[in-house]
Protein chains: 2
Amino acid sequence: MADYTANMKLPARVSICEVVTRDGLQNEKEVMATERKNLLIQAVVAAGVKIVEAGSFVNPKAVPQMADTEQVFANIASNSTQKDVEYRALILNKRGIERAYECGVKKAKLTLSASQSHQKANANQSHDEIFANFAAIAEFAKLNGVTLSGAISTAFGCPFEGAVPVEAIIDITKRYDEIGVGELSLSDTTGMADPALVYRNVSIMKERFPGIVWNLHFHNTRGMGLANVLAGMQAGVSRFDASLGGLGGCPFAPGASGNIATEDLVHMLDLMGIETGIDLGKLLEAAKMLQGFVGRELASAVLKAGRNSDLHERVLKLD
Amino acid sequence: MADYTANMKLPARVSICEVVTRDGLQNEKEVMATERKNLLIQAVVAAGVKIVEAGSFVNPKAVPQMADTEQVFANIASNSTQKDVEYRALILNKRGIERAYECGVKKAKLTLSASQSHQKANANQSHDEIFANFAAIAEFAKLNGVTLSGAISTAFGCPFEGAVPVEAIIDITKRYDEIGVGELSLSDTTGMADPALVYRNVSIMKERFPGIVWNLHFHNTRGMGLANVLAGMQAGVSRFDASLGGLGGCPFAPGASGNIATEDLVHMLDLMGIETGIDLGKLLEAAKMLQGFVGRELASAVLKAGRNSDLHERVLKLD
């Protein structure tokens, strides 16, 4: 039979960045113990994850869940078997890159909101002020051998403003490009992206900025997370963030799903014949450990329903 | 800017069949009162739904939730404002089509499993036995002016056998075609479909049987429901089943999601600019009513998180 799925224009391989100990935990009410974060990071790396967003160097008073990021990176440094993994930290300002550098972090991720009102709500700075700071950070990073990537949050919609015009993303990308940041993430912070918008915006951004390495970061808030991954892959992206157990939601919608679950993503890609290098069985064990740590049922479909391959016993009367 | 999404090959319009009072309710522990079913049907029709799978004429001892299907159709007949809506009933045997005919049902849907072991577990009949009965039903239907459609359940995977070869679906389709059933549904009964499989199998089936009108019926058991809709649309299908509130799951996976939620589907299609003719606000009111009837939180993303357009108040300090 003909290779029908070739028409879908899917990548052969996808690279997944695990964000559970950063985006997953940052809105949790209880601060997770550093050793548990260490166990989670070791577990996902043992499952084959090659990129981990481990923590963030931000104000510990504002985000107490991330106050131990120095220790998280010290633990990473002592996990001797994990040499081929990229560990990155989120930073927002000069103090952040300095702290990251002091910990020996090789990759730091800047972030800002595409929407000015969301940006002001989160950080009370305009885009001009932000990029003045980012330029200083980029200079420091270059001098000290730290690679920077950048994220554009609310890239597919803002909970305050609604639709975010692609021109806003283009403008921010130009500014990132000017300070030498060549790897960017379009982040659907509150789960407002739909597949048509993803396909359109990614197509436009790839065409306008062919030199940028693009990542996509989706939340499953309105059930479209994996559909958006599919559209993103069809538009030519093969790098996606995901969070173990689907942890990490929007504080405005209690009970709603958060990040796309890493195990749901790997499960789908496995079925589709797209390589991730991740062992789904080990990943599900890590997700179960996380579920034990947070003490509630997580918004992960495969954790609840099991894999396709977990065939049910023939409990019904069969001959 | 160029019309990038044209490359996605999406339909301009999608037709949705609401299955909540049939597939949604058939595995509920408590039998829903007939009057509540009537209120649900009236509410989804008031929201713009034009196809409703209202109930099934099956053995009331085996499926007590469907024992009142005669009365459900009597109520439909007395809902005078709903003349342009197609109401269909599921049937499995000769007695079923006779009961449907006696109620004045114009459209009846046959169903069988692509997997012989699933079929035997559910109905203890082989495909040969089933189609001998279906031929008699088709003859009765033709004589009495009832239109038949057909469903192929476990079309994308069987919880007992695993993968279902496309040849099995082709074989069943030929048999349906031979008895004159020209509208078929490929049903992912236990949520095992992935987008690549959907695209491949639908492409094959459309090529082999260009005269058949295809419907797709997905469950969100493993989080891929809307991604599968996207793949199905790209393969050329524009008719989908969905269940209000996502009601209707697999009895083997308690806690797992069931059918794709009608409101999640309409929400996504609205955002993508694909017409459904359904008013999402009214549909969400119907889903809330359903949630009140069943007395537990439903697995509907938009019911929990709200629509994209429900912009949050600027509760944070903004200027």
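Within every chain, numbering begins at 1; the chains are lettered A, B, ... in the order of the sequence lines, protein sequences first and strands thereafter.
With chain A as partner, the option from M224(B), M8(B), M268(B) having the largest number of non-hydrogen pairs under 4.5 angstrom is M8(B). Comparing G223(B), S203(B), P195(B) by heavy-atom pairs within less than 4.5 Å of chain A, the highest count is held by P195(B).
Heavy atoms closer than 4.5 Å to chain A are found nowhere in A163(B), neither backbone nor side chain. Neither the backbone nor the side chain of E263(B) comes within less than 4.5 Å of any heavy atom in chain A.
Of the possible polar contacts, one joining the R222(B) side chain to the G306(A) backbone as a donor-acceptor pair under 3.5 Å is found.
Among all heavy-atom pairs drawn from Y4(A) and R200(B), the shortest one is CB-CA, 4.1 Å. Taking every heavy atom of both residues into account, M192(B) and L271(A) meet most closely at O-CD1, 4.3 Å. Taking each heavy atom of A301(B) and T221(A) in turn, the nearest pair found is CB-O, 3.6 Å.
For the pairing with Y199(B), the side chain to side chain contact (heavy atoms under 4.5 Å, CB included) check across L10(A), L230(A), N7(A) returns one residue only, N7(A).
Within the model, atoms CG of N308(B) and CG of D194(A) stand 7.5 Å from one another, a figure rounded to the nearest 0.5 Å.
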